[in-house]
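Note on naming: letters A, B, ... go to the chains in the order of the sequence lines (proteins, then strands), and numbering restarts at 1 for each one. Note that the coordinates shown come from a computational prediction; the quantities given were computed from them, not determined experimentally.
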Amino acid sequence: MRLINRRPGRSWRISLVILPFALLLIAYLAGSAARLADNPQDKLLPSAVQMAEAVDRMALSEDPRSGRYLFWDDTASSLKRLGMGLLISAALGLCLGVLSGTLPMFGASLSPLLTVVSMIPPLAILPVLFIVFGLDELSKVMLIVIGITPVIARDIEQRAREIPVELLIKAQTLGANTWTLILRVVLPQLLPRLLIALQLSLGSAWLFLIAAEAIASTDGLGYRIFLVRRYLAMDVILPYVAWITLLAWLMDFGLKRLTRAAFPWYEGGRA
Amino acid sequence: MSYIQVRNLWQTYGDQVVLENLRVDIAEGEFCALVGASGCGKSTFLRMLLGQEAPSRGRILLDGKPLATEPDASRGIVFQRYSVLPHLSVLDNVALGLELPRAPVLGRLFGRAKADAREQAAALLKRVGLGHALDKYPSQLSGGMQQRLAIAQALIMKPRMLLLDEPFGALDPGIRKDMHALLLELWQETRLTVLMVTHDLSEGFTLGTRLLVFDKVRHDPHEPGAYGARITYDIPLNLDRHATREAVAALPEHVTGALKNA
């Protein structure tokens, strides 16, 4: 049988999913063990035990100086910034995208503007944000907003244009005015797409969050990683990175589930 | 004065002439089948009647008044595809037509008014044979069912004019026959003016009370877009059906009312 026609069965699929992760883990553990055998003081590839100790120190015991659990504090402040950034971007991106994609009078000026704005590298204007919005929470949230809103808005705009013109005409023959047409026909059809756009911009959102925290912050996951970097504390950095990855994956998974549960018509509705 | 009057109607896209100098009168209650080769402007004519496109030259008059230049609730439309809203259930697709005109701000009704709208919608859906599928989404319906839904959706608005753009073009022959029967019944009940674009000549002959054939009279082999189509044949059909319907319409109200309720 040709390779293109062969599909893994259920148990095969699970093993194939696990395989690359297992290989990476084994390679890491082997490398770590070899280096530590050579030099017990080596910091580059900490062993599982060392990382577990670091996690215990950061997440499960109070910080002796502040009396707080740093790991959970960092997680809470990062998630708060990320959540606010995503929420504002989604709302703003949806509004801009719908306006620009459905109303030609608005699209004429909004569409080129969005294209140009989306080309500005957000990190390049990070100093501007710090100057304008100060060094506290607002500028970090703004970096996420500025980074991903244009992407979401352009995606929504494109999807709004893809709604068949027949549907818009049909709605008008059913007595819709411009506002109710957007409210009852355009918006509901774009909401699942908004969730997908959010899902796709999660990666950039995390990138901007970590960048902002690394440069100007006193807490947060990104701040901690860049702080302990000074001591080459790979035993802290690696669990933090794994934790960020897990959080991002959970969000991605949650959004996917939400799309399917909230919009049962969406998958089949593309026919 | 006839219901629809078309005078000196031209439609051109750039250098390409699609329709030239159309002149036609259509009486209220007529079932017009528009036939012709592809690209001869039947659908363009329908879009102009719908208000989706403005003519390059000439006028369309409804009851002697110029036609509104955007689609509105007085003219229903069923397209070959994309006629129903994929995100609403079958019931809501039809109830939407009752909600939108009455709720210009929120676009939806609540409480009693909503229940009434849904009841009316359900009754009409039962009439077109979709009573068992009220809660389904359009993507779960077959092609024929979707077109039934599209027709019900258009009829709930009680339009004076129903425009059909190859509504059955994508359906199997057997299903198409059922749809013909349904459409004729509905036409007879509602006294609608129907204009239907079709590729299928026999469909036009079966359904219409009048057949309008669109064709190009003049050809320039070096410049295919130089001349547009006109209505080359205008054939009255199924006169008996027309007569029957007029006879029924002439019956006194209490008799027809009793028949309809039966």
Side-chain angles (χ1 to χ4, degrees), chain A residues 94-95 97-99 101-107 155-156 158-197 255-256 258-271, chain B residues 46-47 50-53 68 70-90 92-109 121 135-143 146 149-150 153-159 161-163 165:
Chain A
L94 184 68
C95 292
V98 166
L99 274 183
T102 44
L103 304 176
M105 294 297 269
F106 284 80
D155 186 52
I156 295 293
Q158 202 52 45
R159 303 300 152 178
R161 295 218 173 113
E162 281 169 13
I163 293 178
V165 67
E166 285 90 343
L167 289 186
L168 304 183
I169 288 169
K170 184 85 191 198
Q172 293 178 58
T173 66
L174 296 181
N177 56 34
T178 303
W179 166 243
T180 49
L181 176 65
I182 288 177
L183 202 64
R184 298 241 28 209
V185 178
V186 176
L187 267 186
Q189 295 202 44
L190 291 180
L191 282 181
R193 191 56 219 182
L194 177 69
L195 291 188
I196 292 174
L255 281 173
K256 207 184 294 173
L258 182 64
T259 313
R260 220 177 288 162
F263 309 104
W265 53 269
Y266 184 63
E267 294 291 327
R270 299 269 109 192
Chain B
L46 208 68
R47 280 200 296 276
L50 182 61
Q52 189 185 347
E53 273 179 30
E70 56 183 4
D72 60 31
S74 68
R75 286 160 286 170
I77 176 84
V78 174
F79 296 103
Q80 182 175 358
R81 298 180 63 201
Y82 302 124
S83 262
V84 294
L85 302 166
H87 64 287
L88 293 177
S89 70
V90 166
D92 284 333
N93 254 295
V94 177
L96 185 70
L98 297 171
E99 293 190 281
L100 286 174
R102 281 179 233 166
V105 179
L106 292 176
R108 54 175 82 234
L109 299 172
D135 295 325
K136 290 198 169 151
Y137 286 106
S139 58
Q140 295 167 288
L141 301 181
S142 68
Q146 287 192 19
L149 174 58
Q153 200 180 29
L155 288 181
I156 195 89
M157 305 303 293
K158 301 204 163 57
M161 192 197 302
L162 179 63
L163 305 170
D165 194 353

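- Inter-residue side-chain proximity for Thr173(A) and Met157(B) is flagged as unmet; no heavy-atom pair is nearer than 4.5 Å.
- Contact of the Val78(B) side chain with the Lys170(A) side chain is registered, since non-hydrogen atoms from C-beta on lie closer than 4.5 Å.
- Contact between Glu166(A) and Tyr82(B) at its shortest, heavy atoms only, is CB-O, 3.4 Å.
- Of the two parts of Glu99(B), only the side chain, counted from C-beta on, holds a non-hydrogen atom closer than 4.5 Å to a non-hydrogen atom of chain A.
- If you take CD1 on Ile169(A) and CZ on Arg75(B), they are separated by 11.0 Å, rounding to the nearest 0.5 Å.
- Contact of Ala150(B) with chain A is made through backbone and side chain together, with heavy-atom distances under 4.5 Å.
- Within the 4.5 angstrom heavy-atom criterion, no atom of Pro138(B) approaches chain A.
- Heavy atoms from other residues, nucleotides or ligands lying under 6.0 Å from CZ of Arg161(A) number more than 12.
- At a 4.5 Å heavy-atom cutoff, the contact between Arg108(B) and chain A is made by backbone and side-chain atoms alike.
- Under a 3.5 Å cut-off, the side chain of His87(B) and the backbone N or O of Phe263(A) do not form any donor-acceptor pair.
- When heavy atoms are compared at a cutoff of 4.5 Å, Leu167(A) approaches chain B by way of both its backbone and its side chain.
- Note that CG of Leu168(A) is 10.0 Å distant from CD of Gln52(B), once rounded to the nearest 0.5 Å.
- Only the side chain of Leu50(B) comes within less than 4.5 Å of a heavy atom in chain A; its backbone stays farther off.
- Residue Arg184(A) comes nearest to Gly107(B) through the heavy atom pair CD-O, 2.8 Å, listed as atom of the first residue, atom of the second, then distance.
- The distance from the CG atom of Leu85(B) to the CD1 atom of Ile163(A) is 10.0 Å, given to the nearest 0.5 Å.
- Atom CG of residue Leu183(A) and atom CG of residue Leu100(B) lie 9.5 Å apart, to the nearest 0.5 angstrom.
- In this structure a side-chain-to-backbone donor-acceptor pair under 3.5 Å is missing from Trp265(A) to Leu88(B).
- Going from atom CG of Asp72(B) over to atom CG of Asn177(A) covers 13.0 Å, rounded to the nearest 0.5 Å.
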